[in-house]
Amino acid sequence: MQQTLIELLDARVCAALAAAGCEGAPAVVAPAGRPEFGDYQANGVMGAAKARKMNPRQLAITVLEHLDLAGIASKVEIAGPGFINITLAPAFLASLAGDALAESRLGVPQPVAQRVVVDYSSPNLAKEMHVGHLRSTIIGDALARVLRFLGHEVVAQNHVGDWGTQFGMLTAYLIEAEQGGEAALALNDLEDFYRRAKLRFDEDPAFATRAREYVVKLQGGDAQVNALWRKFLDISLHHCEAVYEKLGVGLRREDVRGESAYNDDLPAVVADLQAKGLAVESEGAQVVFLDEFKNKEGQPQAYIVQKQDGGYLYSTTDLAAVRYRTGKLKADRVLYVVDARQSLHFQQMFTLSRKAGYASAAMSLEHVGFGVMLGDDGKPFKTRSGGTVKLAELLEEAELRAFALVSEKNPDMAEVERHKIARAVGIGAVKYADLSKNRNSDYVFSWDSMLAFEGNTAPYLQYAYTRIAGVFRRAEGWNEQAPIVLMEEAERQLALALARFAEALQAVSRETMPHFLCAYLYELAGQFMRFYEACPVLKSEGALRDSRLRLCRLTADTLHTGLDLLGIDVLEAM
RNA sequence: GCCGCCAUAGUUCAAUGGAUAGAACGGCCGCCUCCUAAGCGGCAGAUACAGGUUCGAUUCCUGUUGGUGGUACCA
C-alpha cells in the first residue's frame, strides 16, 4: 500500500468532485461516525455545493456517478444533506490484510524521510529523576519510536541540566564527602545528597563561600573542580540510566548533550544578536524585544539573553542549541518535549531563531508540551509528606502492586514468571496511563485505574496479545499462505481496524500525539475481543480456520508492533 | 495588571467544523459443560454560562464565570 486507506479514498472522492465540476474541492474523508454510516464518510460535498451555490444532494448524485471505487467499496450511498457513506468490500479488506502479512512493515507506507531531532527527558542532573520527568521521557520516547518506524532519521537529544551555580555547591560538598570517606554512600541517594549540600550551604558561611568559588573555578576550567564535576555528572547519569533501563526507554549516553555543551557558543550568540540589532542593552542586561509579543499597550515582552552580571540563561542556551541542531545536525524538524508551562519561552525562542536566521522557514520547530501530573486530590502529585516522588520509587511500587495482582490471579505460577509479568504489566500500566491521554491536559495519576486490568489500560492490550499467543500455542498444522476470507461482520470489523494502523501512526507523527496510537490499539484489541467471542478459531475447520488464524497472526503482529512503539512489552502468557 | 492554557456523564478520559457527543471506572441486569471471564453483551447518565459566524459548532470568534500557568535577570 503506497498510501493509507483514508488517503486512497480522499484521492478518489477528490477526483470525482473534480469530474463533477468542483475542481480543487476538498473531499473531507473521515472515519464514519456511526456504524450505519459505513466505514468512511466523505463530507466535502456540502461545502463544495455551498461555495458554488449548488444543491448539495444533487451534487452528491453527480459525484457518485463519477466516483470509482470498484474493487474497494461494496456500498456507497448518499445520506442526510449530502454525506457520502462508504462501506469497504470484504474482499478488499482481506487483500489488504494479506498484503500486510506479506511484509515486515505491516503495510505501513513510508513518507518522505526527514531528519527529526527529538529533545526529551532532559532531567536536571543536580537531583534525582522524579515524577516530573516521567511525561517528557515516555512521550518523547514513544514519538521517537513512531518516527523511526515511519522511516525518519531520529536524533534523540537529552538536553540534561548539567550547568549552573548549584554544581559549585555540589562539587564542594562532594570533596567534603570524599574526605570523610563517605562519598559513595552519600551519592547513593542524590536527592539526599543535594539536601545535605544545601543544608551545609545555608548553615556554614565558609562552605557557602567555597561553593561560590567552585562555580568560578568550574567556569574558568579549573582541572580539579572540572574532574569533580564530571564525576558527579557520571554518577547522576548512572541514576538516570537505571531509570531508563527500568522504563525501557532507549536513551543512551551518546544522546546526552547537556546545557554545558553550548557554553562556548553563548558569547557568540549574544554578539550575533547584537550585531543583527536584535539584542539591546536594557537595565544592564542584554535583551531582545519582539514585536510579536506585545500586550495591549504595545509593550513588547522582554527576552533576556544575558544577565546584568554577564551570566547567561537557558534562553541563550536554547538558541545555541537551535544553531547546533540546524548547523551540525541538519534537522528538518525539531521536537521539544517539554512541560507546557514553558510555552511562552518556546514561542519567543522559535520566533527569535527565525529572525536571527538560526532556523530556516523550512525547518519545523515544535514545542510538544504536556500538562502536569496531579494526585487524587487534584493537586500536583507528591508523597504523603509533600515531597517529590522519585521516579525509581514510583516504578518500583508499580511492579510491587502488579506483582500482588498477578499473584492473586495466578497463585500457582512460578515466582520468576510472576515477576516477569509484573514488570511488563506494572511498567506498561504506568506508561500507558500517561501516553493514552491527550498530552496537553494535566492528568490525574491513579494506581487504581491504571492497574485496574480493565478498560483502556495496558494490561487489556497485553491480555489481548496473550489470548492470541494462546491460540497459536495450540494451533499446530495450518496453512500460513491461505487466503483470508471475511464472512462474519466481526471478521470484517477486525480487518478494517487492522487496515487503519498506518493512519494512526501518521496521525501520531503529524500531531505529535501518542494517544492516537493508544486509542487505535484499544479499538483494535476491542475488535479482536469481539471477533474472538463471535468466531471460533481453532474449532473451525479447513480454509475458514486458516483464514481466521491469519487474521489472528496479523492482529498479534500489529498489537506487538504498536505496543513496541509505545515502549510497552508484550507477554506470551499472563 | 497583562498574556496563555483549560472547563464534556458521579469519576477518569475521547471526539481533522459534520449526522443521534464516544469509551472506561463506579451503579444496575445478563453471559463460562465452549480457543485464558484480566473477557463479552445490555440499561441509566454529560458539552460551565450568554451571544455570534456557519448549510452544520464540544470544536472557530466575542463576552462572563471558575480553575490553572507564565510574565526583566531559575529552568
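Below, chains carry the letters A, B, ... as their sequence lines are ordered, and counting in each starts from 1.
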Whole-angstrom distance between B:A23 and B:A46, as gauged at atom C1': 13 Å
C1' spacing across the pair B:C13 / B:G17, given as an integer number of angstrom: 22 Å
Distances under 3.5 Å between protein N/O atoms and the N/O atoms of nucleotides 70-74 of chain B, please, pair by pair.
{"unit_1": "B:U71", "atom_1": "O2'", "unit_2": "A:Gln301", "atom_2": "NE2", "d": "2.9"}
{"unit_1": "B:A72", "atom_1": "N6", "unit_2": "A:Ser282", "atom_2": "OG", "d": "3.2"}
{"unit_1": "B:A72", "atom_1": "N1", "unit_2": "A:Ser282", "atom_2": "OG", "d": "2.5"}
{"unit_1": "B:C73", "atom_1": "O2", "unit_2": "A:Gln308", "atom_2": "N", "d": "2.8"}
{"unit_1": "B:C73", "atom_1": "N4", "unit_2": "A:Glu283", "atom_2": "O", "d": "2.8"}
{"unit_1": "B:C73", "atom_1": "N4", "unit_2": "A:Gln308", "atom_2": "NE2", "d": "3.1"}
{"unit_1": "B:C74", "atom_1": "OP2", "unit_2": "A:Lys307", "atom_2": "NZ", "d": "2.8"}

side-chain hydrogen bond (donor to acceptor under 3.5 Å, both in side chains): pairs with one or both residues in residues 422-437 of chain A, sequence neighbours excluded: A:Arg135-A:Asp434, A:Tyr432-A:Asn456
Side-chain donor-acceptor pair present, A:Asp162, A:Ser260, cut-off under 3.5 Å: yes
Test item: side-chain donor near acceptor, A:Thr512 and A:Arg439, under 3.5 Å: yes
Shortest side-chain distance from [X], nucleotide among [options]:
X	options	answer
A:His515	B:G39, B:A15, B:G18	B:A15
A:Arg467	B:A14, B:A19, B:A37	B:A37
A:Gln41	B:G18, B:U16, B:C13	B:G18

At a heavy-atom distance below 4.0 Å, what parts of [range] sit against RNA chain B?
range	value
residues 516-529 of chain A	A:Phe516, A:Tyr522, A:Met529
residues 531-539 of chain A	A:Tyr532, A:Glu533, A:Cys535, A:Pro536, A:Val537, A:Leu538, A:Lys539
residues 121-135 of chain A	none

Consecutive-pair stems (3 or more, Watson-Crick or G-U, under 3.5 Å) for RNA chain B: B:1-7 with B:65-71, B:10-13 with B:22-25, B:27-31 with B:39-43, B:48-52 with B:60-64
